Protein chains: 2
Amino acid sequence: MARAGLNAERLVRAGAELADEAGFDQVTVSALARRFDVKVASLYSHVKSSQDLRTGIALLALEEMADRGDAALAGRAGKDALAALADVYRDYAREHPGRYAAARLPLDPATAAASAGGRHARMTRAVLRGYDLAEPESTHAVRLLGSVFHGYVDLELAGGFSHSAPDSQESWSRIIDALDALLRNWPAA
Amino acid sequence: MARAGLNAERLVRAGAELADEAGFDQVTVSALARRFDVKVASLYSHVKSSQDLRTGIALLALEEMADRGDAALAGRAGKDALAALADVYRDYAREHPGRYAAARLPLDPATAAASAGGRHARMTRAVLRGYDLAEPESTHAVRLLGSVFHGYVDLELAGGFSHSAPDSQESWSRIIDALDALLRNWPAA
DNA sequence: CCATTTGCCTAAAGCCTTTAGGTAGACGCA
DNA sequence: TGCGTCTACCTAAAGGCTTTAGGCAAATGG
């Protein structure tokens, strides 16, 4: 019999595509086996479990977003950097909704520590360097930015802003304007 | 044989409890049947499908949050109202993580229209009445507040802020301070 | 008190997950 | 080139969740 030439990485990559096409919750070992025209049990040589597969997709997504973030932040500062990083998340989620959903998967502490999660925190802190915030306020600001980015993208993806004026792009721009103004003018504790 | 006395409402309510205890993705018709010590198929007289059950829990959660929101907003305005509404979402999510997750379930348009979703939008608009924002800026602000509330709560629930100083409560307070300052000082378009 | 309704049951089919154990390509090495 | 080993993929099987079909008995009410 001809072999399909599977390995863990190809499976995770195919799982990511499947997630984008059909939704992250449709990512199953069975569906992936169908996609490679292979029996289900065969995949268990490459992947420990269904959960393991999903975790792999999550790690891939975190990595890809971090790579885009680094590229976007290079040579930028201040509002420019803020807008660039914000767009990285939003664009990624729109291009890869399934992967984005995967990135929200809770990871066990060890896996999380080995993930690109730390890079994301560092990127947000890098953006804040363009503003004048000392600890602990800068941590509060990191959390605010994370919340807005994630919250907006999540609501937009869920269709929250789709069928009413003004369009989502306009709100997004104005929200970035507002965040920039807020960071330049952070209220005293 | 004695009857268990099931009906759609009791099932949804028990499903909500199960969601809070075990996680929304553990809410299955089978688990619910076990909980009532009844055969699985019996539940299908009361619930159309597993999806239908989950939708019921989502609607319950949206309703409960809206009720809390109305109560919290009564007699408050300005920053007081902002903080009250924000706490409604955060407290609800902490008390009922499974229900909160349920509320994020995508609903088909007809169901969404019949849900308490509209009440939530109105509550946020009510908060904004305490600030001086005209359209379309107030819509942008509604979306910003929704994003922050949802984003923060979601990240906090996922454990994002748990193991590092400053503690989450402090960030939350300061973020509300910041949002209040921002709304009082919304940048010109 | 009997008829109808209806709440819960058994049976069964379909799909997903996961483990155990087998077979035959692929690969390294003499 | 031929042999042995490794390993990619397979069959088989067990267990769980979903959903439909059809049956019986408890509740309801005229």
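Treat the numbers as computed from the prediction; the structure is a model and nothing was measured. To find a chain, count down the sequence lines: A is the first, B the second, and so on, and within it residues start at 1.
Counting only heavy atoms from C-beta outward, the side chains of B:Phe149 and B:His120 never approach each other to under 4.5 Å.
Using a 4.0 Å heavy-atom criterion, one finds that B:Ser50 contacts the sugar-phosphate atoms exclusively.
What separates CG of B:Leu6 from P of D:dA27 is a distance of 14 Å, to the nearest Å. One interatomic measurement links the two molecules: CG of A:Leu43 to P of D:dT7, which rounds to 18 Å at whole-angstrom precision. Rounded to whole angstrom, the span from the CG atom of B:Leu53 across to the C1' atom of D:dT19 amounts to 14 Å. Remark: P of C:dA11 and OH of B:Tyr44 are 19 Å apart, rounded to the nearest angstrom. Following rounding to the nearest Å, B:Asp52 (CG) and D:dT20 (P) show an atom-to-atom distance of 11 Å. Per the geometry, CZ belonging to A:Arg54 stands 13 Å off C1' belonging to C:dT18, to the nearest Å.
For DNA chain C, the neighbouring residues in residues 8-41 of chain B, judged by any heavy atom under 4.0 Å, are B:Val38, B:Lys39, B:Ala41.
Side-chain N/O atoms of B:Ser138 and B:Glu135 include a donor and acceptor closer than 3.5 Å. A side-chain donor from one of B:Asp87 and B:Trp172 sits under 3.5 Å from a side-chain acceptor of the other.
Two end axes, each from the C1' atoms of five base pairs, can be drawn for the helix from C:dC1-D:dG30 to C:dA30-D:dT1; they diverge by 10°, to 10 degrees.
With sequence neighbours excluded, no residue satisfies ring-ring contact (aromatic ring centres under 6.0 Å, His included) with A:His46.
Sorted by first and then second residue, the side chain to side chain donor-acceptor pair (under 3.5 Å) pairs involving residues 145-156 of chain A (not counting sequence neighbours) are A:Arg90-A:Glu156, A:Arg94-A:Glu156, A:Tyr100-A:His150, A:Arg104-A:His150, A:His150-B:Asp154, A:Tyr152-A:Ser168, A:Asp154-B:His150, A:Glu156-A:Ser168.
Considering B:Arg119, B:Arg122, B:Arg76 in turn, B:Arg119 is the only one that fulfils the salt bridge (Lys or Arg N to Asp or Glu O under 4.0 Å) rule with B:Asp70.
Close to C:dG7, at under 4.0 Å from its OP1 or OP2, lies no side-chain N or O of B:Ser42. For B:His46 and C:dT6, the shortest distance from a side-chain N or O to OP1 or OP2 is not below 4.0 Å.
Grouped with A:Val88 in a hydrophobic cluster is no other residue, since no side-chain heavy-atom contact under 4.5 Å to another Ile, Leu, Val, Met, Phe, Trp or Tyr is found.
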For residues 23-33 of chain A, which side-chain N or O atoms pair as donor and acceptor with protein atoms under 3.5 Å away, sequence neighbours left out?
| unit_1 | atom_1 | unit_2 | atom_2 | d |
| --- | --- | --- | --- | --- |
| A:Thr28 | OG1 | A:Ser30 | N | 2.9 |
| A:Thr28 | OG1 | A:Ala31 | N | 3.0 |

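Counting non-hydrogen atoms of neighbouring residues, nucleotides and ligands closer than 6.0 angstrom, the CZ atom of B:Arg125 exceeds 12 such neighbours.
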